[in-house]
Asks: 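Once you've had a glance at the structure underneath, I'll fire off some questions.
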Amino acid sequence: MAFDPELATQAYMATLKGAARAKSDAYFEGGYWLILWDFLVTVIANLIVLHLGWAARLSTWARGVSGKWGAGPMLAALLFAVPYLLIVTLITAPYTIYVEYFREHAYGLSNQGFGEWGGEQLIVIAANTLIAAILWMGVHAVIRRFPRGWWIGGTALTIAVLVTTITLAPVYLDPLFNDYTPLPDGPVKTEVLKMARANGVPADNVYLVDASKQSDRISANVAGLFNTTRIALNDNLMKQDLHEIRSVMAHELGHYVLNHIWKLLLAFAVLTALSFGIIGVVGPLLLARFGARWGISGMADPACLPVLVMIFAAMSVLATPIGNSLVRINEQEADMFGLNAARAPDGFARIAMKLSQYRKIEPGHWEEIIFFDHPSGHTRVATAMRWKAEHVDEADIH
Ligand SMILES: [Zn+2]
């Protein structure tokens with residue numbers, strides 16, 4: 001009897017049922033609502049900062065200090081941003097702790113105690129605050145200099161900061177949380193490096209990361225830019241069967257070879273320019289209407305940041321399906337590349353089933369387009385089984 005990809009896909013789907021399927025569906029569907037709650041919490045926190053006059057007072061203080069030091073408005077913007085960001089972080093902390101700690105534990109998706117998790121969060125907050133404050137210093141200088149055309153320079157600066165952060169992350173940020181070591185000798189190393197070299201990826205760019213200290217999630221990723229680019233597989237993946245590992249690493253090689261980081265940066269630049277263009281219109285309108293009440297004179301006051309953050313948050317919610325689809329299309333490309341490079345459709349299908357621990361396995365058509373930043377398990381298994389059906393008679397298929 002000929003191999004039937006439909007039946008094979010259904011057979012894989014049938015291995016996830018009952019309570020396990022209900023649990024991963026609930027975890028993932030809850031995430032849809034979190035997009036809305038994230039937005040509302042951000043808006044509420046910023047309205048508190050504005051309505052209680054904290055933004056105005058922070059701005060007066062920041063401009064006073066920078067004036068006393070003989071420094072210009074750039075330092076004032078930096079001095080405003082740091083405490084403002086920390087205050088918003090503090091107001092939203094109960095929500096963040098629920099979502100990222102208690103909710104993850106409720107679904108059995110975290111291996112960390114509260115102290116360990118909290119310690120990592122403090123590093124994340126410090127890094128985010130520093131990067132965002134420096135970005136605001138630059139963007140606000142552009143706003144003051146070019147009140148109409150600032151969205152162009154603002155976008156260029158944002159992308160420059162993003163490129164710098166992505167480039168430096170594997171060297172300065174990632175090691176603060178995990179250990180990255182060269183792959184240990186053995187069949188996995190042999191097979192992964194064989195595929196890497198066959199696809200033009202330098203072998204010394206492949207690492208093992210101890211992600212099991214945070215969770216049991218099976219994962220691998222491509223990080224960095226220029227000479228810091230590296231592919232890392234995590235120790236949870238390392239515990240899987242060899243052909244499952246090969247199928248995932250072939251997918252990651254696809255991201256690398258197809259220059260996905262650069263393509264996403266380009267797409268992000270377009271979305272940022274669009275958002276900044278809209279902020280440039282809506283921001284001054286909101287400030288004209290509520291500025292007097294909030295004690296903010298206009299866009300030249302660094303205290304306009306909370307207003308811009310609220311508009312940007314709204315834009316981000318609206319752009320969710322676009323952002324998810326851009327990423328998901330890259331992921332589909334990497335899936336195809338991976339199937340061709342590893343020739344392990346069943347290894348890939350088994351991994352797709354294991355990833356359903358935290359991703360709904362069989363969503364509706366539009367549900368996948370709007371909410372999924374990776375193909376669903378069903379899409380991945382169906383793709384792998386179609387590939388298998390068309391190569392099933394060839395040698396060395398796993
Ligand atoms: Zn991927």
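Along the sequence shown, residues are numbered consecutively beginning with 1. Read the numbers this way: they start at 1 and go in the same order the structure lists the ligands and their atoms. Predicted model, so just to flag it, every value in this text is computed and none were measured.
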Asks: Of all the atoms in H260, is at least one N, O or S atom closer to the Zn ion (ligand 1) than 2.8 Å?
Replies: no

Asks: Just give me the atom name: the N, O or S atom of E331 closest to the Zn ion (ligand 1).
Replies: OE1

Asks: Regarding H374, does it place an N, O or S atom less than 2.8 Å from the Zn ion (ligand 1)?
Replies: no

Asks: Looking at D210 and D179, would you say the former's side chain and the latter's main chain have a donor-acceptor pair under 3.5 Å?
Replies: yes

Asks: Quick one: which of N236, N111, N178 gives a side chain to side chain donor-acceptor pair (under 3.5 Å) with Q214?
Replies: N178

Asks: Which heavy atom of A169 sits nearest a heavy atom of P175, and at what distance?
Replies: O-CD, 3.8 Å

Asks: Specify whether F28 and Y32 have parallel, tilted or perpendicular ring planes, treating 30° as the upper limit for parallel and 60° as the lower limit for perpendicular.
Replies: perpendicular

Asks: If you round to 10 degrees, what value do you get for the angle at the Zn ion (ligand 1) between H251 atom NE2 and H255 atom NE2?
Replies: 100°

